[in-house]
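Since the model is a prediction, treat every value here as computed from it, not as a measurement. Numbering of residues begins at 1 and proceeds along the displayed sequence.
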Amino acid sequence: MTNNDVYFVGTMIGEKDFSDEFIEKGQWQLGWVDQEDNEQYQKMLALLNEIKIDDVVILKSTYTRTHDLPFENPNGKSVSVMKLKKLGHVKQNPHDGHNLFIDWESDFQPREWYFYTNRQTIWKVSNSDKIDDASQLIQFALHNIKQDYSYFLDKSGLIANAHKTNQTELQKRKQDFLKFYDQGKWTAVIPKANWLSGYWDDKQNYQKIKLVSIRQLLSYITSLTATENEALKLIPDNLFTITTSDEFVKISDVINSIILNHRQEVDALIDSLNIVEGNGRRGWGYSNFKKRNWYKEYQKYLSQHDRKGDTNMQLKGSSLLINSKNIILRGAPGTGKTFLAKSMAADIISNGETTDLNNLTEEQQNQIGFVQFHPSYDYTDFVEGLRPTGSGTNVGFELVPGIFKAFCEKAYKPTVNSVDNFEQSWDKFVEEMDEKQEIEVAPGYTYHPSESWEADGGIMRTTDKGYNQYINKNQLYKVYRGLPGVPKRGHDNFRKKVLQFMKDHLELLDFKAAEGVNDKPYIFIIDEINRAEISKVLGELFFSIDPEYRGPKGGVLTQYSNLHDDKDEKFFIPKNVYIIGTMNDIDRSVDIFDFAMRRRFTFIEITAKQSADNMLNNDDTKNLMARLNQALVDKNKGGLTRDYEIGASYFKPIDGAGASKEIIEPLWDNKLQPLLIDYFRGEHEAEKKIKLIENAYFAIQEED
């Protein structure tokens, strides 16, 4: 048995499979070229940099299958499959972030492995001395030792749970699908649900429609190729048996491909099956089967149920955020609070299509803001403040919106922009005035620079009666916009003459106000919200942040309102802005978190166990984490409260690598032990307690 790690690597870059090119050129490549800031790329890069000369690399592709399995599959559920395409040994890792050079074995026979698979681009599998999933996979990959299907069947529960997939369960799944679209789409989705299941629920109204399953319908096509006939075997009669979006995408691709290749015959079959007469609702018959998008609703529905981690908690948290506007995720260190906050944000922004920020479009990602609080963070960083401008001897200060105010302004931005080019037109007016020193804007109305021309853009007209008419840029702009606050004193008519001159000669456009309300959700994440002095950061926003005072009714004058052009301008938090904070329960700053702010937030606890369910896949890793936390709270060992339990993010780097001492010892030495030293700092029996926890971690039996 080899002691080396084995690296299973994907072959897809974008939509293309590069297997043949990799083998022909003696290399393997990690994608994301020119996208190196991608979070997933960074994770894979860390694994790529670990790979050494002579390490084993295997090209793989991962998918699911329901039929034609080498073992009995009584309940018809999909099984994860990994095809091993080619095995090779690394001859060079140039550490350029993308490439490996590999000697591929010419006599390696491609083969399929079941159950224990992984979709990551690079999957590192580590051998161990015991018989487990990883060791069996390595034996199968390196020595073609036959896979023990019974071991994995028993572990997966496919045999034990086979009786559960019955018609009643499928009917419940169909009804759950309809409930998912209950708001506004029920009627349109009913026929699609019937198409998916292959039968009508309403026998009386549809008895004259010969409804058959999609698989059976396609089997009627007389011009099917041999390949297409084989592909039909993959399609279940009732598509509600498919419970993961990955599997459904593959099945729907097969169906859509056949429909596309035989469109005319499919149309004729649909017409022959639509035989409703009289007052029957033909619109709900086969004619409703949209050959392009029949599958999209069910695919979206499935995406809600096959996300990584605790889906119920993500959905519950997302729903709670929408209802309460402000939530705080609190919990022990490493429980994945920030990860969950980002997942919830992606969930809401994408309308439930993904919980991965990387899957959002650039426009959707702009609907998410992020900041991490720290003790020196203050109002000028968050709301607004003065910032230096210029250089050398020309240094000044400019009022600049903080990160949260700028985010709120973006969220409130109307869907149709205003028309306002006053600044550009005024710049042309200034150039002409500087050049000529006087401008006749209308017969008898000649203006020249005021004494404060450089400071405020003031212009003056000396009347034939000897008095001056003074107009400045700010007053002119308010008249252009139709805003209040301009001193009248009979000068309004003269300002309009200046504006008309700018329209006639300096390309000034008629002002048009912005229209439409932006109702897209915008989510602002405040990481470590309790580490800053919250009253110092928020100031008067204590009022506006209350869920009851979203929108203009919650507007407040900021501390710098006297520097605004409009001193009466108020700042408010738009109704479509939602706030997620994260809080570490054992941080000392929790105790000083303002009670007024606590009332304005809904708190959700993320326990260590929940984080393990969310973030870890390997039972050995979960058991290791559970042993450590049990020792922490055991009154005869650590004696701490549950708030001090350690979350799964500490254990994620070793998840799937096994629980041998060589794997878990560095984690203890470099991460866990230093944290425990901080936990027990100043305690009389600190050293003894840490030793007892260490023994539990390494599963060392205690002697009386």
Side-chain angles (χ1 to χ4, degrees), residues 1-33 35-36 38 40-65 70 80-129 132-148 152 653-658 660 662-663:
M1 185 177 288
T2 178
N3 291 321
N4 293 335
D5 300 320
V6 176
Y7 295 86
F8 296 83
V9 297
T11 60
M12 299 293 293
I13 299 180
E15 300 294 324
K16 183 179 178 182
D17 188 337
F18 282 81
S19 301
D20 294 337
E21 292 182 39
F22 290 155
I23 295 170
E24 180 182 350
K25 295 180 180 180
Q27 69 173 109
W28 179 79
Q29 187 178 59
L30 179 62
W32 292 287
V33 175
Q35 300 177 40
E36 283 77 6
N38 183 284
Q40 186 63 20
Y41 168 79
Q42 293 296 326
K43 293 178 182 177
M44 295 300 101
L45 177 62
L47 289 170
L48 179 66
N49 288 334
E50 289 181 11
I51 300 177
K52 307 178 294 299
I53 293 175
D54 293 329
D55 277 347
V56 176
V57 171
I58 298 176
L59 297 182
K60 56 99 173 178
S61 62
T62 308
Y63 40 93
T64 58
R65 183 180 296 157
S80 180
V81 187
M82 181 167 67
K83 184 173 183 179
L84 312 187
K85 300 179 177 181
K86 202 71 171 175
L87 181 147
H89 298 267
V90 177
K91 64 179 181 180
Q92 183 186 359
N93 183 350
H95 292 283
D96 60 3
H98 290 284
N99 294 289
L100 291 174
F101 296 94
I102 298 170
D103 283 324
W104 299 110
E105 290 186 3
S106 58
D107 58 350
F108 181 82
Q109 294 299 314
R111 42 190 177 265
E112 288 184 330
W113 168 265
Y114 299 84
F115 298 103
Y116 178 61
T117 67
N118 190 296
R119 289 183 177 273
Q120 284 190 165
T121 305
I122 303 177
W123 182 30
K124 176 183 176 182
V125 179
S126 299
N127 208 355
S128 66
D129 295 327
D132 63 3
D133 301 7
S135 65
Q136 289 196 53
L137 172 56
I138 290 177
Q139 290 282 21
F140 174 84
L142 301 187
H143 309 297
N144 203 14
I145 303 298
K146 185 177 179 180
Q147 183 177 1
D148 182 1
F152 289 95
I654 67 168
D655 190 34
S660 64
E662 293 76 15
I663 298 296

Subject >> Value rounded to 0.5 Å, distance of NZ in K86 from CZ in F108 >> reply: 8.5 Å
Original post:
Does the side chain of Y114 come within less than 4.5 Å of M82's, by heavy atoms?
Top reply: no
Subject >> Minimum heavy-atom distance R119-K60, with the two atoms named >> reply: C-NZ, 3.7 Å
Original post:
Are Y41 and H98 close enough that their ring centres sit under 6.0 Å apart?
Top reply: yes
Subject >> Closest approach of N118 to T62 (non-hydrogen atoms, all atoms of both residues) >> reply: O-OG1, 3.3 Å
**OP:** Apply the ring pair (Phe, Tyr, Trp, His ring centres under 6.0 Å) test between W113 and each candidate in F8, F140, W123; give the one that qualifies.
**Re:** F140
Subject >> Main-chain N/O of F22 paired with W104 side-chain donor or acceptor, under 3.5 Å >> reply: yes
Original post:
Do the side chains of L30 and I13 get nearer than 4.5 Å, heavy atoms only?
Top reply: no
**OP:** Side-chain contact test, heavy atoms from C-beta onward, threshold under 4.5 Å: evaluate it for H89 versus V56 and give yes or no.
**Re:** yes
Original post:
Is the backbone N or O of Y63 less than 3.5 Å from a side-chain atom of R65, with the two atoms forming a donor-acceptor pair by type?
Top reply: no
Original post:
Salt bridge or not for K124 and E50, using N-O below 4.0 Å?
Top reply: yes
Original post:
From I23 CD1 over to I102 CD1, what is the distance, rounded to the nearest 0.5 angstrom?
Top reply: 10.0 Å
**OP:** For T117 and S80, run side chain to side chain donor-acceptor pair (under 3.5 Å): C-alpha distance rounded to whole Å, both residues' side-chain angles, the deciding distance at 0.1 Å, then the answer.
**Re:** CA-CA 7 Å; T117 67; S80 180; 2.4 Å; yes
Original post:
Roughly how far, to the nearest 0.5 Å, is CG of L48 from CG of L45?
Top reply: 6.0 Å
Original post:
So among D17, D20, T121, which one has a side chain to side chain donor-acceptor pair (under 3.5 Å) with T11?
Top reply: D17
Original post:
Is E112 paired with K85 through a side-chain N to carboxylate O contact shorter than 4.0 Å?
Top reply: no
